[in-house]
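Here the structure comes first, spelled out in structure tokens, and everything after it is commentary.
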Amino acid sequence: MTTMIAEVYDALLSAGADDEKARAAAKAIAEYNRDISELRSNLALLKWMVGFNLAFTMAILWKVFS
């Protein structure tokens, strides 16, 4: 089930949009926001993975060349 942003829905209705079109647009914006937040969480995980990999690689290189 898709959620809907009530503020966007109300704003579209007050601007004169049709009820069905306003509901569909509010649902589309809510889904877009959900996708963006999912991408942000995946990006945070990737940043941690790269940081750990860099630290581990530097530790190995330090051990090899010292």
Side-chain angles (χ1 to χ4, degrees):
M1 182 177 146
T2 306
T3 58
M4 175 176 66
I5 300 175
E7 292 85 3
V8 173
Y9 175 71
D10 292 338
L12 290 171
L13 282 181
S14 67
D18 185 29
D19 182 51
E20 293 177 19
K21 289 181 182 179
R23 186 176 307 274
K27 286 181 181 181
I29 291 173
E31 187 171 328
Y32 177 76
N33 286 340
R34 183 184 56 84
D35 291 342
I36 294 296
S37 65
E38 184 178 330
L39 285 174
R40 284 185 179 166
S41 65
N42 287 342
L43 183 62
L45 175 63
L46 287 173
K47 284 181 182 179
W48 275 98
M49 290 169 61
V50 167
F52 179 78
N53 192 359
L54 181 63
F56 190 72
T57 301
M58 294 306 291
I60 296 287
L61 289 174
W62 180 266
K63 197 72 165 165
V64 166
F65 292 113
S66 66

(request) Identify, with sequence neighbours excluded, every residue that meets side chain to side chain contact (heavy atoms under 4.5 Å, CB included) alongside I60. (result) F56, V64
(request) Could you note down all residue pairs passing side chain to side chain donor-acceptor pair (under 3.5 Å) where residues 32-51 supplies at least one of them, sequence neighbours left out? (result) none
(message) Taking transitive links into account, so neighbours of neighbours count too, which hydrophobic residues share a cluster with I29 at under 4.5 Å side-chain distance?
(response) I5, V8, L12
(message) Test: side chain to side chain donor-acceptor pair (under 3.5 Å). Region: residues 55-66. Which pairs qualify, not counting sequence neighbours?
(response) N53-T57
(message) Using a 4.5 Å cut-off between side-chain heavy atoms of Ile, Leu, Val, Met, Phe, Trp and Tyr, which other residues end up in the same hydrophobic cluster as F52?
(response) none
(request) Using the side chain to side chain donor-acceptor pair (under 3.5 Å) rule, collect all pairs that involve residues 11-22, keeping only residues at least two apart or in two chains. (result) Y9-D19
